[in-house]
Protein chains: 2
Amino acid sequence: MKRTQSHQKADTPSVGTVSGSDQSRPQWRPQRRSLKSFQAEFDFSLEAICTRMLERHRDTIRTQKPQVAVAKLMRIIQTTLTLANRKGFHSMSLRDLAAESGLSMGALYTYFDTKDTLLMMILGEVSSAVSEALGSPPGHLADDPAKRLHWLLETHVYLTEVMQPWFVFAYMEAKAFPKEGREKATRSELSTEKMIADALADGTDRGLFSIANVELTASLIKPLLQDWYVKRSKYRRRGISPEQYVQAVSEFVGTAIQSRSVPKAPRRRRSDQRSEIAAAEPF
Amino acid sequence: MKRTQSHQKADTPSVGTVSGSDQSRPQWRPQRRSLKSFQAEFDFSLEAICTRMLERHRDTIRTQKPQVAVAKLMRIIQTTLTLANRKGFHSMSLRDLAAESGLSMGALYTYFDTKDTLLMMILGEVSSAVSEALGSPPGHLADDPAKRLHWLLETHVYLTEVMQPWFVFAYMEAKAFPKEGREKATRSELSTEKMIADALADGTDRGLFSIANVELTASLIKPLLQDWYVKRSKYRRRGISPEQYVQAVSEFVGTAIQSRSVPKAPRRRRSDQRSEIAAAEPF
DNA sequence: ATTAAAAAAGCGAACGCTCGCTCAGTTTTT
DNA sequence: AAAAACTGAGCGAGCGTTCGCTTTTTTAAT
């Protein structure tokens, strides 16, 4: 798994390998996808999403020419995400939206029949993006829980990086969804957590991870992934790249769950061991 | 409203997170506060908060008799938190609030002059609760970063447990704050992160923790604390008590950051931990 | 190429409603 | 009877939504 690290010396004791077999295969390199390679794999550009959006709502969108429709949709959606993320979807009036996007009130209603419909259209793209990106992990990861977990973290970060405003929107407006949408959001969220929990459980069964409560641990990983898009500006301010964040979360999680069944360092006693706990030990 | 050093009170840790051996252990073990002991130390009941609120806004609240004012304030605030957390503060109309709280429109305006003022009053109590509870960690933790970190996690979880609707409110409505409030929220949030970072840096300096990037690690811990109140219902559904959550986060974080070059006291066997957690599940 | 009819796209004033907020009047407390 | 507390209809503003109308584009006959 991501224990071996490209730009650090190989014998760093700080990270124990997970299993003996890994140790005996020094040439193995984890395949790390970069943000770029993720973008090469999936097209989650505004234009691509709006194209899918148009297809999905051809019956309700009254504009005939696809080109025109997609172009307008892009303006509408872009503006909606900006305004809604700034002051909330409810506080964004359709007059705001019209003025900012350069369309008229009437024109807006060519694309949706209700403000709530607009909200649901956006949510729909978010949730379908999640299933597309996370839905089918590469088959060769099936037998490696650690890699699969890493792949999940990585893919989630990259996806939410590429569609950040969409995810913030879905996250913040979730409670205002017209029930159907709220359930959709809940379902989607739980399914992600389930994938994480499955990888954790699998790894625990194989003795790779040491996890007391798989479900609870999965619950702790989820907010780490959400923080990337919810607090995106904080990380931008600090100059953390998506790749770095993946690395940090991966290390953080990996160290926390790694199996300690194989001792890695001889335990030397020191005198002042009142400080033994570190937060690490169960108190 | 000062600290009462009554940690040693023999109230049973009702939740049963603690293994039986704990009670027989001498006091070198870190003192774990229970939620109950936290509540004994600070009074963050609705009534107490509304009393402070009244004092802070005596000039703008037109009701004369404190008793009456506090009682009404409690109804107003309680209802506001409920409605706002259900559908958002902006979507909650003052007519909703009046009807649900049993007051008239006019009566509401005895307590605030603007809907935004109501929002700011609530935010004010949240941020002052944060500084009261987290502002001055017990002095005897100054020399022990691990304990101090644990204390921070613990106190944060207990505080947000006791004031959960308040924190959800502040968290969700933050972006709609009238700038002054938004800055206040940001400042408060950053200061919490700073406290965590300080403990981490301290521990790293002393060789207790092994942390590549202290700031980034602190950034990863924060969302773990926020998840407790933002997704409170998820944890309730799964029967996780505040004490258990503290335990889980503490373990998770502790393992992730612990220095592996520094010897630790003998750890309990894995199976012990596992059964401890399992036994801790209330249902 | 010109042009006229038809179709599509675009527009924004107007409608009914709900909002935050006020205040003249009523009820309750002192 | 004075003071305090309380009331809810009413105000203007702004909301989501509609629709008769104008403008632009397409089509097709000349």
Side-chain angles (χ1 to χ4, degrees), chain A residues 50 53-54 57-77 79-80 83-84 86-123 173 176-178 181, chain B residues 50 54 57-77 79-80 83-84 86-122 173 176-178 181:
Chain A
C50 287
M53 209 179 238
L54 174 61
H57 300 90
R58 246 204 222 298
D59 45 335
T60 49
I61 294 178
R62 292 203 309 273
T63 302
Q64 300 301 322
K65 294 174 69 176
Q67 280 191 46
V68 180
V70 170
K72 294 278 167 58
L73 255 184
M74 285 170 67
R75 302 235 299 274
I76 294 174
I77 301 299
T79 309
T80 301
L83 293 181
R86 184 184 306 151
K87 29 184 237 170
F89 184 73
H90 260 99
S91 306
M92 174 200 79
S93 77
L94 291 183
R95 282 171 182 81
D96 292 343
L97 177 55
E100 198 83 12
S101 67
L103 300 185
S104 65
M105 294 295 288
L108 289 181
Y109 277 83
T110 318
Y111 297 89
F112 49 81
D113 56 344
T114 277
K115 201 187 174 192
D116 269 350
T117 302
L118 171 61
L119 187 149
M120 292 301 292
M121 285 167 72
I122 295 177
L123 173 65
E173 308 299 341
F177 288 158
Chain B
C50 287
L54 174 61
H57 298 91
R58 248 204 219 301
D59 47 333
T60 48
I61 294 178
R62 292 203 307 274
T63 303
Q64 301 300 323
K65 294 174 69 178
Q67 279 191 50
V68 180
V70 170
K72 294 277 167 60
L73 254 185
M74 286 172 66
R75 300 234 301 273
I76 294 174
I77 301 298
T79 310
T80 301
L83 292 182
R86 184 184 307 149
K87 27 184 239 170
F89 184 72
H90 266 291
S91 305
M92 173 199 80
S93 76
L94 291 182
R95 283 172 180 81
D96 291 344
L97 177 55
E100 199 82 11
S101 66
L103 300 184
S104 66
M105 292 293 288
L108 290 181
Y109 278 83
T110 317
Y111 297 89
F112 49 81
D113 56 347
T114 278
K115 201 188 176 194
D116 269 350
T117 300
L118 172 61
L119 188 149
M120 293 301 293
M121 285 167 72
I122 295 177
E173 308 297 342
F177 288 159

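Just so it is clear: chains get the letters A, B, ... in the order the sequence lines come, proteins before strands, and each one is counted from 1. Since we're looking at a predicted model, the values are computed, not measured. As a basis for the values below, the full set of heavy atoms in this structure was taken, side chains included, without hydrogen atoms, waters or symmetry mates.
Contact annotation for B/Ser104: base contact, defined as any heavy-atom pair under 4.0 Å involving a base atom. Among the protein residues, B/Thr63 comes within range of the sugar-phosphate backbone only, with heavy atoms under 4.0 Å from sugar or phosphate atoms but none that close to a base.
Between B/Gln64 and B/Arg95, the one whose closest nucleotide on DNA chain D sits nearer the 5' end is B/Gln64.
Across all their heavy atoms, A/Leu94 and A/Tyr109 have their closest contact at CD1-OH, 3.0 Å. Contact detail for B/Leu119 and B/Pro178: the closest heavy-atom pair is CD2-CD, 4.3 Å.
Atom CG in A/Leu73 sits about 16 Å away from atom C1' in C/dG10, given to the nearest Å. Nucleotide C/dA8 holds its P atom 17 Å from the CD atom of A/Gln67, rounded to whole Å. As rounded to whole Å, 9 Å separates atom C1' of C/dG12 from atom CE of A/Met105. The separation between B/Leu97 atom CG and D/dT7 atom P is 13 Å, rounded to whole Å. To the nearest angstrom, C1' of C/dC11 lies 14 Å from OH of A/Tyr111.
OP1 or OP2 of D/dG16 has not a single side-chain nitrogen or oxygen of A/Thr114 nearer than 4.0 Å. Here B/Thr110 does not reach the OP1 or OP2 of D/dC6: none of its side-chain N or O atoms lies under 4.0 Å away. Put simply, B/Lys65 has no side-chain N or O that comes within less than 4.0 Å of OP1 or OP2 on C/dT29.
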